[in-house]
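Okay, so here's the structure we're looking at.
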Protein chains: 2
Amino acid sequence: MQAPDTPDSIDRVIVDAILAGRITAGTRLGEQSLATLFSVSRTMTREALIRLEARGIVQVSSRRGWFVIKPSFEEAQEAFQARQAIEMGILMAVQRLGPEVVDKLRAHIVRERAAIASDDLEARSFLLGDFHVCLVEALGNRVLADILRDLTARTVLISALYQSVHDATASCDEHEAITNALAGGDLKRAADLMVSHIGNVEAGLTRAKDDDPLTNLRQALKLSPRRE
Amino acid sequence: MQAPDTPDSIDRVIVDAILAGRITAGTRLGEQSLATLFSVSRTMTREALIRLEARGIVQVSSRRGWFVIKPSFEEAQEAFQARQAIEMGILMAVQRLGPEVVDKLRAHIVRERAAIASDDLEARSFLLGDFHVCLVEALGNRVLADILRDLTARTVLISALYQSVHDATASCDEHEAITNALAGGDLKRAADLMVSHIGNVEAGLTRAKDDDPLTNLRQALKLSPRRE
DNA sequence: CGTTCCAATCTTGTATGGAAGTCTGATCCG
DNA sequence: CGGATCAGACTTCCATACAAGATTGGAACG
(Lines give C-alpha, C1' and ligand atoms only; values in the text may rest on other atoms or scores of the structure.)
Protein backbone atom coordinates (compact mmCIF):
# COMPACT_ATOMS: atom_id res chain seq x y z
CA MET A 1 0.00 0.00 0.00
CA GLN A 2 3.06 2.16 0.33
CA ALA A 3 3.46 2.58 -3.42
CA PRO A 4 2.08 5.85 -4.75
CA ASP A 5 2.08 4.47 -8.29
CA THR A 6 -0.66 6.44 -9.87
CA PRO A 7 -2.20 9.63 -8.59
CA ASP A 8 -5.53 7.91 -8.05
CA SER A 9 -4.24 4.83 -6.33
CA ILE A 10 -5.80 6.04 -3.11
CA ASP A 11 -9.21 5.91 -4.75
CA ARG A 12 -8.60 2.39 -5.90
CA VAL A 13 -7.44 1.15 -2.52
CA ILE A 14 -10.50 2.59 -0.84
CA VAL A 15 -12.92 1.20 -3.41
CA ASP A 16 -11.25 -2.19 -3.26
CA ALA A 17 -11.58 -2.17 0.50
CA ILE A 18 -15.26 -1.40 0.11
CA LEU A 19 -15.76 -4.16 -2.42
CA ALA A 20 -14.03 -6.58 -0.10
CA GLY A 21 -16.19 -5.46 2.78
CA ARG A 22 -13.24 -4.28 4.87
CA ILE A 23 -14.75 -0.82 4.93
CA THR A 24 -18.45 -0.51 5.58
CA ALA A 25 -21.09 2.17 5.28
CA GLY A 26 -20.58 5.12 7.57
CA THR A 27 -16.87 4.56 8.10
CA ARG A 28 -15.01 7.77 8.74
CA LEU A 29 -12.26 8.65 6.30
CA GLY A 30 -10.28 11.54 7.73
CA GLU A 31 -8.12 13.57 5.38
CA GLN A 32 -5.24 13.54 7.81
CA SER A 33 -5.56 9.89 8.71
CA LEU A 34 -5.45 8.81 5.10
CA ALA A 35 -2.61 11.21 4.39
CA THR A 36 -0.54 9.66 7.14
CA LEU A 37 -1.43 6.16 6.01
CA PHE A 38 -0.46 6.81 2.41
CA SER A 39 2.48 9.06 3.26
CA VAL A 40 1.19 11.95 1.24
CA SER A 41 -0.11 15.37 2.08
CA ARG A 42 -3.69 16.16 2.90
CA THR A 43 -4.08 17.69 -0.53
CA MET A 44 -3.82 14.32 -2.20
CA THR A 45 -6.25 12.53 0.07
CA ARG A 46 -8.67 15.41 -0.16
CA GLU A 47 -8.62 15.18 -3.94
CA ALA A 48 -9.17 11.45 -3.76
CA LEU A 49 -12.12 11.97 -1.44
CA ILE A 50 -13.56 14.60 -3.74
CA ARG A 51 -13.36 12.16 -6.63
CA LEU A 52 -15.04 9.46 -4.58
CA GLU A 53 -17.73 11.92 -3.59
CA ALA A 54 -18.42 12.67 -7.25
CA ARG A 55 -18.73 8.94 -7.80
CA GLY A 56 -21.30 8.68 -5.05
CA ILE A 57 -19.18 6.54 -2.76
CA VAL A 58 -18.34 8.91 0.06
CA GLN A 59 -20.02 11.98 1.49
CA VAL A 60 -18.66 14.98 3.30
CA SER A 61 -20.40 16.53 6.24
CA SER A 62 -19.27 20.10 6.45
CA ARG A 63 -16.38 20.51 8.87
CA ARG A 64 -17.31 17.23 10.50
CA GLY A 65 -15.64 14.72 8.29
CA TRP A 66 -15.73 12.41 5.32
CA PHE A 67 -17.76 9.25 5.57
CA VAL A 68 -18.49 6.30 3.38
CA ILE A 69 -22.07 6.73 2.23
CA LYS A 70 -24.78 5.18 4.31
CA PRO A 71 -27.74 4.90 1.99
CA SER A 72 -31.25 5.04 3.38
CA PHE A 73 -33.44 2.07 2.71
CA GLU A 74 -35.12 3.98 -0.11
CA GLU A 75 -31.78 4.86 -1.66
CA ALA A 76 -30.75 1.26 -1.33
CA GLN A 77 -33.79 0.19 -3.27
CA GLU A 78 -33.07 2.81 -5.92
CA ALA A 79 -29.56 1.46 -6.32
CA PHE A 80 -30.82 -2.06 -6.82
CA GLN A 81 -33.48 -0.93 -9.23
CA ALA A 82 -30.88 1.02 -11.14
CA ARG A 83 -28.75 -2.09 -11.42
CA GLN A 84 -31.72 -4.15 -12.53
CA ALA A 85 -32.57 -1.69 -15.27
CA ILE A 86 -29.02 -1.18 -16.44
CA GLU A 87 -27.91 -4.78 -16.41
CA MET A 88 -31.07 -5.94 -18.07
CA GLY A 89 -30.67 -3.26 -20.72
CA ILE A 90 -27.07 -4.27 -21.28
CA LEU A 91 -27.93 -7.90 -21.83
CA MET A 92 -30.86 -7.13 -24.09
CA ALA A 93 -28.73 -4.80 -26.18
CA VAL A 94 -25.90 -7.23 -26.74
CA GLN A 95 -25.25 -7.61 -30.43
CA ARG A 96 -22.63 -10.27 -30.58
CA LEU A 97 -21.25 -12.47 -27.87
CA GLY A 98 -17.77 -13.91 -28.28
CA PRO A 99 -16.98 -17.25 -26.64
CA GLU A 100 -14.18 -15.59 -24.65
CA VAL A 101 -16.83 -13.77 -22.63
CA VAL A 102 -18.36 -17.01 -21.45
CA ASP A 103 -14.92 -18.46 -20.73
CA LYS A 104 -14.02 -15.47 -18.63
CA LEU A 105 -17.24 -15.71 -16.68
CA ARG A 106 -16.85 -19.41 -16.06
CA ALA A 107 -13.34 -18.82 -14.77
CA HIS A 108 -14.75 -16.14 -12.52
CA ILE A 109 -17.35 -18.47 -11.12
CA VAL A 110 -14.64 -21.01 -10.31
CA ARG A 111 -12.93 -18.37 -8.23
CA GLU A 112 -16.20 -17.50 -6.54
CA ARG A 113 -16.74 -21.08 -5.52
CA ALA A 114 -13.20 -21.35 -4.26
CA ALA A 115 -13.63 -18.27 -2.10
CA ILE A 116 -16.89 -19.60 -0.74
CA ALA A 117 -15.43 -23.01 -0.03
CA SER A 118 -12.43 -21.58 1.79
CA ASP A 119 -14.58 -19.16 3.79
CA ASP A 120 -12.57 -16.21 2.49
CA LEU A 121 -15.16 -13.58 3.25
CA GLU A 122 -13.26 -10.72 1.67
CA ALA A 123 -12.63 -12.51 -1.60
CA ARG A 124 -16.20 -13.73 -1.57
CA SER A 125 -17.62 -10.25 -1.19
CA PHE A 126 -15.32 -8.88 -3.85
CA LEU A 127 -15.88 -11.64 -6.37
CA LEU A 128 -19.64 -11.78 -6.03
CA GLY A 129 -19.82 -8.10 -6.87
CA ASP A 130 -17.08 -8.25 -9.45
CA PHE A 131 -18.96 -10.81 -11.51
CA HIS A 132 -21.24 -8.11 -12.81
CA VAL A 133 -18.37 -5.73 -13.53
CA CYS A 134 -16.57 -8.56 -15.25
CA LEU A 135 -19.55 -9.29 -17.43
CA VAL A 136 -20.00 -5.78 -18.68
CA GLU A 137 -16.26 -5.33 -19.10
CA ALA A 138 -16.13 -8.44 -21.21
CA LEU A 139 -18.84 -7.00 -23.40
CA GLY A 140 -16.43 -4.22 -24.17
CA ASN A 141 -18.19 -1.02 -23.21
CA ARG A 142 -16.02 0.98 -20.86
CA VAL A 143 -18.64 3.61 -20.20
CA LEU A 144 -21.03 1.03 -18.85
CA ALA A 145 -18.26 -0.78 -17.03
CA ASP A 146 -17.32 2.36 -15.11
CA ILE A 147 -20.90 3.06 -14.20
CA LEU A 148 -21.47 -0.45 -13.01
CA ARG A 149 -18.29 -0.60 -10.99
CA ASP A 150 -19.39 2.32 -8.84
CA LEU A 151 -22.90 1.01 -8.60
CA THR A 152 -21.57 -2.33 -7.47
CA ALA A 153 -19.53 -0.68 -4.75
CA ARG A 154 -22.67 0.99 -3.52
CA THR A 155 -24.53 -2.26 -3.57
CA VAL A 156 -21.86 -4.03 -1.56
CA LEU A 157 -22.12 -1.30 1.07
CA ILE A 158 -25.87 -1.66 1.11
CA SER A 159 -25.78 -5.41 1.48
CA ALA A 160 -23.59 -5.11 4.53
CA LEU A 161 -25.70 -2.29 5.95
CA TYR A 162 -29.02 -4.02 5.62
CA GLN A 163 -27.45 -7.38 6.17
CA SER A 164 -28.62 -9.14 3.11
CA VAL A 165 -29.35 -12.71 3.97
CA HIS A 166 -29.05 -13.79 0.41
CA ASP A 167 -26.81 -16.79 0.44
CA ALA A 168 -23.47 -16.57 -1.30
CA THR A 169 -23.87 -20.02 -2.78
CA ALA A 170 -27.25 -19.08 -4.17
CA SER A 171 -25.77 -15.96 -5.75
CA CYS A 172 -23.03 -18.02 -7.27
CA ASP A 173 -25.55 -20.49 -8.64
CA GLU A 174 -27.48 -17.65 -10.18
CA HIS A 175 -24.31 -16.32 -11.76
CA GLU A 176 -23.79 -19.72 -13.24
CA ALA A 177 -27.32 -19.88 -14.58
CA ILE A 178 -26.85 -16.49 -16.23
CA THR A 179 -23.59 -17.62 -17.74
CA ASN A 180 -25.20 -20.77 -19.06
CA ALA A 181 -27.96 -18.78 -20.69
CA LEU A 182 -25.34 -16.57 -22.32
CA ALA A 183 -23.41 -19.60 -23.47
CA GLY A 184 -26.57 -20.89 -25.10
CA GLY A 185 -27.07 -17.54 -26.78
CA ASP A 186 -30.37 -16.98 -25.02
CA LEU A 187 -29.95 -13.32 -24.14
CA LYS A 188 -33.55 -12.78 -23.22
CA ARG A 189 -33.34 -15.55 -20.66
CA ALA A 190 -30.05 -14.23 -19.37
CA ALA A 191 -31.62 -10.82 -18.91
CA ASP A 192 -34.56 -12.31 -17.06
CA LEU A 193 -32.27 -14.33 -14.83
CA MET A 194 -30.23 -11.23 -14.13
CA VAL A 195 -33.30 -9.27 -13.09
CA SER A 196 -34.46 -11.98 -10.76
CA HIS A 197 -30.93 -12.46 -9.40
CA ILE A 198 -30.62 -8.80 -8.45
CA GLY A 199 -34.18 -8.90 -7.20
CA ASN A 200 -33.31 -11.84 -4.98
CA VAL A 201 -30.42 -10.02 -3.41
CA GLU A 202 -32.59 -6.97 -2.89
CA ALA A 203 -35.33 -9.08 -1.38
CA GLY A 204 -32.84 -10.32 1.20
CA LEU A 205 -32.42 -6.85 2.62
CA THR A 206 -33.97 -6.08 5.94
CA ARG A 207 -35.13 -2.66 6.84
CA ALA A 208 -34.05 -2.95 10.43
CA LYS A 209 -30.86 -0.97 10.59
CA ASP A 210 -32.24 2.06 8.87
CA ASP A 211 -34.80 2.96 11.48
CA ASP A 212 -32.55 3.01 14.47
CA PRO A 213 -29.08 4.49 14.46
CA LEU A 214 -28.37 2.68 17.69
CA THR A 215 -28.73 -0.75 16.18
CA ASN A 216 -25.04 -1.36 15.86
CA LEU A 217 -24.40 -0.43 19.43
CA ARG A 218 -27.43 -2.32 20.62
CA GLN A 219 -26.26 -5.46 18.87
CA ALA A 220 -22.77 -5.06 20.19
CA LEU A 221 -24.15 -4.85 23.70
CA LYS A 222 -26.54 -7.71 23.01
CA LEU A 223 -29.54 -5.76 24.07
CA SER A 224 -32.92 -6.80 22.81
CA PRO A 225 -34.62 -4.32 20.48
CA ARG A 226 -36.47 -1.34 21.90
CA ARG A 227 -35.45 -1.90 25.46
CA GLU A 228 -33.42 1.13 26.38
CA MET B 1 -22.92 33.90 -12.15
CA GLN B 2 -21.37 35.90 -9.34
CA ALA B 3 -23.30 34.05 -6.69
CA PRO B 4 -21.23 31.33 -5.02
CA ASP B 5 -24.37 29.75 -3.61
CA THR B 6 -23.29 26.17 -3.33
CA PRO B 7 -19.74 24.90 -3.40
CA ASP B 8 -20.43 22.96 -6.57
CA SER B 9 -22.11 25.75 -8.47
CA ILE B 10 -19.08 25.92 -10.73
CA ASP B 11 -19.70 22.34 -11.80
CA ARG B 12 -23.26 23.12 -12.63
CA VAL B 13 -22.47 26.20 -14.65
CA ILE B 14 -19.95 24.29 -16.73
CA VAL B 15 -22.25 21.33 -17.30
CA ASP B 16 -25.11 23.63 -18.20
CA ALA B 17 -22.87 25.38 -20.70
CA ILE B 18 -22.02 22.02 -22.22
CA LEU B 19 -25.65 20.97 -22.40
CA ALA B 20 -26.49 24.24 -24.11
CA GLY B 21 -23.65 23.79 -26.55
CA ARG B 22 -21.86 26.96 -25.48
CA ILE B 23 -18.84 24.87 -24.55
CA THR B 24 -17.77 22.18 -26.97
CA ALA B 25 -15.43 19.21 -26.90
CA GLY B 26 -11.80 20.08 -26.46
CA THR B 27 -12.43 23.49 -24.92
CA ARG B 28 -9.69 24.50 -22.56
CA LEU B 29 -10.74 25.17 -18.99
CA GLY B 30 -7.87 26.82 -17.18
CA GLU B 31 -7.87 26.69 -13.41
CA GLN B 32 -6.82 30.31 -13.15
CA SER B 33 -9.22 31.54 -15.83
CA LEU B 34 -12.17 29.93 -14.10
CA ALA B 35 -10.98 31.16 -10.73
CA THR B 36 -10.94 34.73 -12.00
CA LEU B 37 -14.32 34.32 -13.66
CA PHE B 38 -15.95 32.96 -10.52
CA SER B 39 -14.01 35.18 -8.12
CA VAL B 40 -12.65 32.30 -6.13
CA SER B 41 -9.24 30.82 -5.64
CA ARG B 42 -7.67 28.25 -7.88
CA THR B 43 -8.34 25.64 -5.21
CA MET B 44 -12.06 25.84 -5.77
CA THR B 45 -11.95 25.61 -9.53
CA ARG B 46 -9.46 22.81 -9.32
CA GLU B 47 -11.79 20.85 -7.08
CA ALA B 48 -14.66 21.46 -9.46
CA LEU B 49 -12.54 20.22 -12.35
CA ILE B 50 -11.55 17.14 -10.39
CA ARG B 51 -15.20 16.39 -9.77
CA LEU B 52 -16.00 16.84 -13.45
CA GLU B 53 -13.11 14.58 -14.33
CA ALA B 54 -14.52 11.86 -12.08
CA ARG B 55 -17.80 12.29 -13.90
CA GLY B 56 -16.10 11.78 -17.22
CA ILE B 57 -16.75 15.27 -18.52
CA VAL B 58 -13.32 16.83 -18.53
CA GLN B 59 -9.80 15.51 -18.73
CA VAL B 60 -6.51 16.81 -17.47
CA SER B 61 -3.34 16.63 -19.46
CA SER B 62 -0.47 16.76 -17.04
CA ARG B 63 0.83 20.28 -16.63
CA ARG B 64 -0.74 21.25 -19.91
CA GLY B 65 -4.26 22.00 -18.93
CA TRP B 66 -7.82 20.87 -18.41
CA PHE B 67 -9.96 20.19 -21.41
CA VAL B 68 -13.52 19.19 -22.04
CA ILE B 69 -13.38 15.57 -23.18
CA LYS B 70 -13.09 14.94 -26.88
CA PRO B 71 -14.29 11.38 -27.30
CA SER B 72 -12.95 9.27 -30.11
CA PHE B 73 -15.46 7.92 -32.55
CA GLU B 74 -15.35 4.56 -30.79
CA GLU B 75 -15.93 6.19 -27.42
CA ALA B 76 -18.79 8.13 -28.94
CA GLN B 77 -20.38 4.92 -30.08
CA GLU B 78 -19.91 3.42 -26.64
CA ALA B 79 -21.65 6.37 -25.06
CA PHE B 80 -24.62 6.00 -27.36
CA GLN B 81 -24.78 2.28 -26.82
CA ALA B 82 -24.65 2.85 -23.10
CA ARG B 83 -27.57 5.21 -23.37
CA GLN B 84 -29.51 2.77 -25.48
CA ALA B 85 -28.99 -0.02 -22.98
CA ILE B 86 -29.72 2.08 -19.92
CA GLU B 87 -32.73 3.92 -21.20
CA MET B 88 -34.22 0.79 -22.65
CA GLY B 89 -33.66 -0.98 -19.36
CA ILE B 90 -35.25 1.87 -17.47
CA LEU B 91 -38.39 1.82 -19.55
CA MET B 92 -38.69 -1.95 -19.45
CA ALA B 93 -38.30 -1.94 -15.68
CA VAL B 94 -40.97 0.66 -15.00
CA GLN B 95 -43.48 -0.70 -12.54
CA ARG B 96 -46.01 2.02 -12.36
CA LEU B 97 -46.42 5.15 -14.40
CA GLY B 98 -48.25 8.08 -12.90
CA PRO B 99 -50.09 10.48 -15.19
CA GLU B 100 -47.95 13.36 -13.92
CA VAL B 101 -44.98 11.85 -15.75
CA VAL B 102 -46.71 12.10 -19.07
CA ASP B 103 -47.89 15.60 -18.27
CA LYS B 104 -44.38 16.67 -17.46
CA LEU B 105 -43.04 15.21 -20.66
CA ARG B 106 -45.72 16.83 -22.77
CA ALA B 107 -44.91 20.18 -21.23
CA HIS B 108 -41.28 19.54 -21.99
CA ILE B 109 -42.03 18.82 -25.63
CA VAL B 110 -43.95 22.07 -25.88
CA ARG B 111 -40.83 23.87 -24.75
CA GLU B 112 -38.74 21.92 -27.23
CA ARG B 113 -40.99 22.99 -30.08
CA ALA B 114 -40.91 26.58 -28.92
CA ALA B 115 -37.11 26.57 -28.86
CA ILE B 116 -36.99 25.04 -32.32
CA ALA B 117 -39.53 27.48 -33.70
CA SER B 118 -37.69 30.48 -32.32
CA ASP B 119 -34.31 29.22 -33.50
CA ASP B 120 -32.94 29.34 -29.98
CA LEU B 121 -30.04 26.98 -30.55
CA GLU B 122 -28.88 26.91 -26.94
CA ALA B 123 -32.29 26.13 -25.52
CA ARG B 124 -32.81 23.60 -28.29
CA SER B 125 -29.62 21.74 -27.48
CA PHE B 126 -30.35 21.81 -23.79
CA LEU B 127 -33.97 20.74 -24.03
CA LEU B 128 -33.42 17.92 -26.51
CA GLY B 129 -30.90 16.38 -24.13
CA ASP B 130 -32.85 17.26 -21.04
CA PHE B 131 -35.88 15.30 -22.23
CA HIS B 132 -34.15 12.09 -21.31
CA VAL B 133 -33.02 13.38 -17.94
CA CYS B 134 -36.51 14.64 -17.35
CA LEU B 135 -38.01 11.27 -18.13
CA VAL B 136 -35.85 9.32 -15.74
CA GLU B 137 -36.20 12.00 -13.07
CA ALA B 138 -39.95 11.77 -13.36
CA LEU B 139 -39.72 8.05 -12.82
CA GLY B 140 -38.22 8.89 -9.45
CA ASN B 141 -34.86 7.12 -9.39
CA ARG B 142 -32.16 9.63 -8.50
CA VAL B 143 -29.32 7.19 -9.03
CA LEU B 144 -30.33 6.65 -12.62
CA ALA B 145 -31.07 10.33 -13.09
CA ASP B 146 -27.55 11.29 -12.06
CA ILE B 147 -26.02 8.71 -14.33
CA LEU B 148 -28.08 9.80 -17.27
CA ARG B 149 -27.39 13.46 -16.74
CA ASP B 150 -23.69 12.95 -17.17
CA LEU B 151 -24.18 10.59 -20.06
CA THR B 152 -26.38 13.15 -21.73
CA ALA B 153 -23.73 15.81 -21.34
CA ARG B 154 -21.26 13.52 -23.05
CA THR B 155 -23.70 12.85 -25.83
CA VAL B 156 -24.28 16.52 -26.45
CA LEU B 157 -20.54 17.02 -26.77
CA ILE B 158 -20.32 14.12 -29.16
CA SER B 159 -23.16 15.36 -31.31
CA ALA B 160 -21.42 18.68 -31.77
CA LEU B 161 -18.05 17.02 -32.36
CA TYR B 162 -19.21 14.65 -35.01
CA GLN B 163 -21.80 17.09 -36.24
CA SER B 164 -24.83 14.95 -35.95
CA VAL B 165 -27.13 15.74 -38.83
CA HIS B 166 -30.13 14.36 -37.03
CA ASP B 167 -32.81 16.95 -37.33
CA ALA B 168 -34.04 18.66 -34.19
CA THR B 169 -37.62 18.45 -35.34
CA ALA B 170 -37.25 14.73 -35.95
CA SER B 171 -35.84 14.27 -32.45
CA CYS B 172 -38.73 16.19 -31.03
CA ASP B 173 -41.20 14.08 -32.98
CA GLU B 174 -39.55 10.97 -31.65
CA HIS B 175 -39.79 12.32 -28.12
CA GLU B 176 -43.45 12.83 -28.70
CA ALA B 177 -43.93 9.31 -30.02
CA ILE B 178 -42.21 7.93 -26.94
CA THR B 179 -44.40 10.03 -24.71
CA ASN B 180 -47.51 8.85 -26.51
CA ALA B 181 -46.49 5.24 -26.05
CA LEU B 182 -45.99 5.90 -22.36
CA ALA B 183 -49.35 7.63 -22.14
CA GLY B 184 -50.93 4.53 -23.65
CA GLY B 185 -49.15 2.38 -21.13
CA ASP B 186 -47.27 0.52 -23.83
CA LEU B 187 -43.86 0.37 -22.18
CA LYS B 188 -42.45 -2.17 -24.57
CA ARG B 189 -43.22 0.08 -27.49
CA ALA B 190 -41.80 3.10 -25.65
CA ALA B 191 -38.59 1.18 -25.05
CA ASP B 192 -38.35 0.20 -28.70
CA LEU B 193 -38.97 3.75 -29.81
CA MET B 194 -36.31 4.97 -27.40
CA VAL B 195 -33.76 2.54 -28.78
CA SER B 196 -34.45 3.56 -32.32
CA HIS B 197 -34.49 7.24 -31.38
CA ILE B 198 -31.04 7.07 -29.83
CA GLY B 199 -29.95 4.89 -32.74
CA ASN B 200 -31.14 7.55 -35.15
CA VAL B 201 -29.12 10.24 -33.47
CA GLU B 202 -26.10 7.98 -33.43
CA ALA B 203 -26.58 7.14 -37.09
CA GLY B 204 -26.40 10.83 -37.88
CA LEU B 205 -22.82 11.05 -36.66
CA THR B 206 -20.08 11.41 -39.20
CA ARG B 207 -16.66 10.07 -38.60
CA ALA B 208 -14.95 12.99 -40.31
CA LYS B 209 -13.70 15.11 -37.46
CA ASP B 210 -12.05 12.33 -35.61
CA ASP B 211 -9.44 11.52 -38.21
CA ASP B 212 -7.91 14.91 -38.53
CA PRO B 213 -7.13 17.13 -35.57
CA LEU B 214 -6.73 20.07 -37.92
CA THR B 215 -10.30 19.93 -39.12
CA ASN B 216 -11.47 22.80 -37.00
CA LEU B 217 -8.66 25.03 -38.13
CA ARG B 218 -9.08 23.92 -41.69
CA GLN B 219 -12.72 24.78 -41.62
CA ALA B 220 -12.08 28.08 -40.00
CA LEU B 221 -9.63 28.92 -42.75
CA LYS B 222 -12.01 27.54 -45.38
CA LEU B 223 -9.41 25.20 -46.80
CA SER B 224 -10.59 22.19 -48.73
CA PRO B 225 -9.75 18.84 -47.11
CA ARG B 226 -6.29 17.39 -47.51
CA ARG B 227 -4.80 20.37 -49.29
CA GLU B 228 -2.07 21.57 -47.03
C1' DC C 1 18.15 30.18 -44.96
C1' DG C 2 17.25 26.26 -41.91
C1' DT C 3 18.07 24.08 -37.47
C1' DT C 4 19.06 23.70 -32.75
C1' DC C 5 18.95 25.26 -28.35
C1' DC C 6 17.58 27.88 -24.53
C1' DA C 7 15.16 31.02 -21.66
C1' DA C 8 10.86 33.25 -20.57
C1' DT C 9 6.27 32.21 -19.67
C1' DC C 10 2.37 29.65 -18.82
C1' DT C 11 0.27 25.72 -17.03
C1' DT C 12 -0.79 22.33 -13.44
C1' DG C 13 1.05 19.81 -9.14
C1' DT C 14 1.68 19.74 -4.19
C1' DA C 15 2.41 21.30 0.47
C1' DT C 16 1.29 24.23 4.12
C1' DG C 17 -0.86 27.63 7.16
C1' DG C 18 -4.48 29.70 9.15
C1' DA C 19 -9.79 30.48 9.25
C1' DA C 20 -13.83 28.71 10.85
C1' DG C 21 -17.27 25.35 12.21
C1' DT C 22 -18.35 21.16 15.27
C1' DC C 23 -18.07 18.22 18.99
C1' DT C 24 -16.62 16.89 23.77
C1' DG C 25 -16.02 17.28 28.25
C1' DA C 26 -15.17 20.02 32.22
C1' DT C 27 -16.70 23.70 34.95
C1' DC C 28 -19.84 26.65 36.96
C1' DC C 29 -24.29 27.88 38.69
C1' DG C 30 -28.92 27.17 40.60
C1' DC D 1 -27.68 16.55 41.71
C1' DG D 2 -29.13 18.57 36.97
C1' DG D 3 -28.45 21.67 33.38
C1' DA D 4 -26.32 25.49 30.91
C1' DT D 5 -22.00 27.44 29.33
C1' DC D 6 -17.68 27.70 27.46
C1' DA D 7 -12.85 26.46 26.38
C1' DG D 8 -10.16 23.18 23.83
C1' DA D 9 -9.22 19.92 20.55
C1' DC D 10 -10.54 18.27 16.69
C1' DT D 11 -12.20 18.53 11.69
C1' DT D 12 -12.73 20.40 7.11
C1' DC D 13 -12.33 24.63 4.26
C1' DC D 14 -9.90 27.76 1.45
C1' DA D 15 -6.13 30.63 -0.05
C1' DT D 16 -1.55 31.10 -1.13
C1' DA D 17 3.22 30.04 -2.29
C1' DC D 18 6.39 27.68 -4.60
C1' DA D 19 7.90 23.53 -7.45
C1' DA D 20 8.22 21.58 -11.80
C1' DG D 21 6.94 20.19 -16.44
C1' DA D 22 5.28 22.05 -21.19
C1' DT D 23 5.19 25.35 -24.73
C1' DT D 24 6.72 28.98 -27.37
C1' DG D 25 9.44 32.40 -29.54
C1' DG D 26 13.72 34.05 -30.57
C1' DA D 27 18.66 33.96 -30.60
C1' DA D 28 22.71 31.65 -31.89
C1' DC D 29 24.94 28.77 -34.98
C1' DG D 30 25.95 25.87 -39.04
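Quick note: numbers below take in every heavy atom, side chains included, and nothing from hydrogens, waters or symmetry partners. Every chain is numbered from 1 and lettered A, B, ... according to where its sequence line falls, protein lines coming before strand lines.
Contact annotation: A/T43 side-chain N/O to C/dT14 OP1/OP2 distance is not under 4.0 Å. In this structure, A/R42 does not reach the C/dT16 phosphate: none of its side-chain N or O atoms is under 4.0 Å from OP1 or OP2. Between A/R46 and the phosphate of D/dT12, there is no side-chain N or O to OP1/OP2 separation shorter than 4.0 Å.
Put simply, the side chain of B/T45 gets close to the backbone of B/R42: a donor and an acceptor are under 3.5 Å apart. At distances below 3.5 Å, not a single donor-acceptor pair connects side-chain atoms of A/S61 with backbone N or O atoms of A/R64. For A/S125 (side chain) and A/L121 (main-chain N/O), no donor-acceptor pair under 3.5 Å exists by modelled atom type.
Atom-to-atom, CD of A/Q32 to P of C/dA15 comes out at 12 Å; the value is rounded to the nearest Å. What separates CZ of B/F38 from C1' of D/dA15 is a distance of 18 Å, to the nearest Å. Between the CD atom of B/Q59 and the P atom of C/dT12 there is a distance of 15 Å, rounded to whole Å. Remark: C1' of D/dG21 and CZ of B/R64 are 11 Å apart, rounded to the nearest angstrom. Between the CG atom of A/L29 and the C1' atom of D/dT11 there is a distance of 14 Å, given to the nearest Å. The nearest whole Å value for the distance from the CD1 atom in B/I10 to the C1' atom in D/dC13 is 14 Å. D/dA22 atom P lies 16 Å from atom CH2 of B/W66, rounded to whole Å. For the pair B/E31 CD and C/dC10 P, the computed distance is 16 Å after rounding to whole Å.
Residue contacts for A/S62: at a heavy-atom cut-off of 4.0 Å it reaches the sugar-phosphate backbone alone, with no base atom in range.
Place A/R63 and B/R63 on DNA chain C by their nearest nucleotides, and B/R63 ends up nearer the 5' end. Residue B/R28 is the one, among A/S41 and B/R28, whose nearest nucleotide of DNA chain C lies closer to the 5' end (criterion: closest heavy atom).
Shown are A/M88, A/H132, A/H175, A/E174; of these, the side chain to side chain contact (heavy atoms under 4.5 Å, CB included) with A/M194 is made only by A/H132.
Residues A/W66 and A/E31 have side chains that bring a donor and an acceptor to within less than 3.5 angstrom of each other.
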